[in-house]
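Reviewing the structure listed below.
We use all heavy atoms of the structure for the numbers below, so side chains are in, but hydrogens, waters and symmetry mates are not.
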Amino acid sequence: PSQSQIENTSISAAEGTFRIKAVFHYLNFLLQRSKHRFTKENFDIFQKNLNYFFTLAPKVRNSGDQDILEGLNQSEQKALIEIVRPNNPGNPFRSEFLRHRNQLMYEIFFSTGMRRSELKFLKIEDVEFRTHQIHIRVSKTKERTVKCSSNACEYFHQFITRHLSKVPVKYRKHGYLFTTETGKHLSNDAINLIFRTLQKQVNISTCITPHTMRRTWNDNFSVLIDSLPIDQRPNQEQEKQIRNRLMGWSSISEMSNRYSRR
C-alpha cells in the first residue's frame, strides 16, 4: 500500500506496558507448563528471551486513574444502543440483515463482555434462548457459559427467523451465528469495520472497538456490585472470582484487578 493508505495508530505508554506485560505473563505461563518438553539449555534460552521481551515495556509511574482501561459511560452506551436500532434513520448499515445482525452483535458484547474471537466463533446452538445463556466454546482462555440479556435473546430470535434463515442452507452449513449476507463466516476485520462505522456515526470521544465493550461490561459490573447493600455485597476476593469466571480468566488471574478499578 502507498504511504497515504497506511493508517498510523498509537497508544499510551501505560497501555503499551499493560499489553506487553499481559503477553509476557501468558507466554511465561505456557513456557512453564511445557517445561518438561525442553532441555535445560533450550528452556533457559526461551526464558532469557522472554525476560528481555518484558524489559521492552515502557517505564511509567503510577499516575492514579489515568491508566484505567476506558469503557463507555452511560450516555455513550445509550447513544450506541439507539444508533444500532434497525428502524433508526441514522443507522449506518444498508440492509435489514446487517442492521439486525449488528444489533444482536452489539447486545451480546454489551451484556456478556466476551472477546471478539469468542463472539466470532459462536454457533447458533450456543445460544440458549429460553434460559438466557450463551455457551462460549472457543476461547483463548476458558470455555464457559454466561448469562446474556433478554434483549440479546429477543434479537437472536428475530435475526434467526427473519434473516439468517433466508440464507440458503448450503452456504451456512458451518453453523456460525455471525455471517455475511451470503452466509460466509464473518472475519475479525469485518467485526472491526462495524465498530469503526459506528464510531463515525455517533458523537462519542471514546474509541469504540469490540474490546471497548469488554471494558464497558466490567465497568457496569463494578457499578452493580457497588450498588448492592453492604450485607449482600461480595468481598473483594469473591468479586474477583466472579469476574474471573465470567471473563474466562483463571481463578488465580490478576486481570480482574486491572478491569475492576473504580
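Residues Ser75 and Asn73 bring a donor and an acceptor atom of their side chains to less than 3.5 Å of each other. Residues Asn220 and Gln77 bring a donor and an acceptor atom of their side chains to less than 3.5 Å of each other. Side-chain contact, Gln236 with Gln241: no donor N or O sits under 3.5 Å from an acceptor N or O. For Ser149 and Glu107, the side-chain atoms include at least one donor-acceptor pair closer than 3.5 Å. For Asn192 and Arg116, the side-chain atoms include at least one donor-acceptor pair closer than 3.5 Å. With hydrogens and angles left out, the side-chain atoms of His174 and His185 include no donor and acceptor closer than 3.5 Å. Residues Glu118 and Ser139 have side chains that bring a donor and an acceptor to within less than 3.5 angstrom of each other.
Aromatic ring centroids of Phe24 and Phe53 lie 6.0 Å or more apart.
Residue Asp231 places its CG atom among more than 12 non-hydrogen atoms of other residues, nucleotides or ligands, all under 6.0 Å distant. Heavy-atom neighbours of Tyr171 OH from other residues, nucleotides or ligands within 6.0 Å: at or below the threshold of 12. Applying the 6.0 Å contact sphere to NZ of Lys123 captures more than 12 heavy atoms from other residues, nucleotides or ligands. The neighbour count for Leu228 CG, taken as heavy atoms of other residues, nucleotides or ligands under 6.0 Å away, is above 12. Other residues, nucleotides and ligands contribute more than 12 heavy atoms inside 6.0 Å of the CD atom of Glu237.
Using a 30° and 60° split on the angle between ring planes, Phe159 and Phe178 fall in the parallel class, below 30°. Ring planes of Phe109 and Phe195: perpendicular class, angle over 60° (limits at 30 and 60°). Relative orientation of the Phe54 and His25 rings is perpendicular, given thresholds of 30° and 60° on the angle between their planes. A tilted orientation is assigned to the rings of Phe129 and His157, their planes being inclined by 30° to 60°.
A donor-acceptor distance shorter than 3.5 angstrom exists from the side chain of Asn102 to the backbone of Leu98, with no hydrogens or angles considered. Thr212 contributes a side-chain N or O that, together with a main-chain N or O of Cys207, makes up a donor-acceptor pair within less than 3.5 Å. Of the possible polar contacts, one joining the Gln201 side chain to the Gly90 backbone as a donor-acceptor pair under 3.5 Å is found.
Counting heavy atoms from C-beta on, the side chains of Pro234 and Ile225 come closer than 4.5 Å. Between Arg144 and Arg245 there is no side-chain heavy-atom pair separated by less than 4.5 Å. Contact annotation: the side chain of Ile160 approaches that of Leu177 to within less than 4.5 Å [non-hydrogen atoms, C-beta and beyond]. Two residues are said to be in side-chain contact when any heavy atoms from C-beta on lie closer than 4.5 Å; Tyr259 and Asp219 fail this criterion. A 4.5 Å side-chain heavy-atom check between Leu246 and Lys147 finds every atom pair outside the cut-off. Proximity of Phe110 to Trp217: side-chain heavy atoms (C-beta onward) are nowhere separated by under 4.5 Å. When side chains are defined from C-beta on, Val23 does not count as touching Tyr26, because their heavy atoms never get closer than 4.5 Å. Inter-residue side-chain proximity for His132 and Ser150 is flagged as met; some heavy-atom pair is nearer than 4.5 Å.
The residues Arg243 and Glu239 are annotated as salt-bridged, a charged nitrogen and a carboxylate oxygen being separated by less than 4.0 angstrom. Using a 4.0 Å cut-off between a side-chain N of Lys or Arg and a carboxylate O of Asp or Glu, Lys40 and Asp44 qualify as a salt bridge.
Linking Ile, Leu, Val, Met, Phe, Trp and Tyr residues whenever their side-chain heavy atoms come within less than 4.5 Å places Ile81 and Met213 in a single cluster. Connection of Leu50 to Phe46 is established within a shared hydrophobic cluster, with ILVMFWY side chains joined at heavy-atom distances below 4.5 Å, either directly or through further cluster members.
Applying the salt bridge (charged side-chain N to carboxylate O under 4.0 Å, His left out) criterion to Glu82, with sequence neighbours excluded, gives Arg85.
Listed here is the closest heavy atom pair of Asn244 and Ser253: ND2-O, 3.5 Å.
Partner of Glu181 under the salt bridge (Lys or Arg N to Asp or Glu O under 4.0 Å) criterion, chosen from Lys166, Arg172, Arg94: Arg94.
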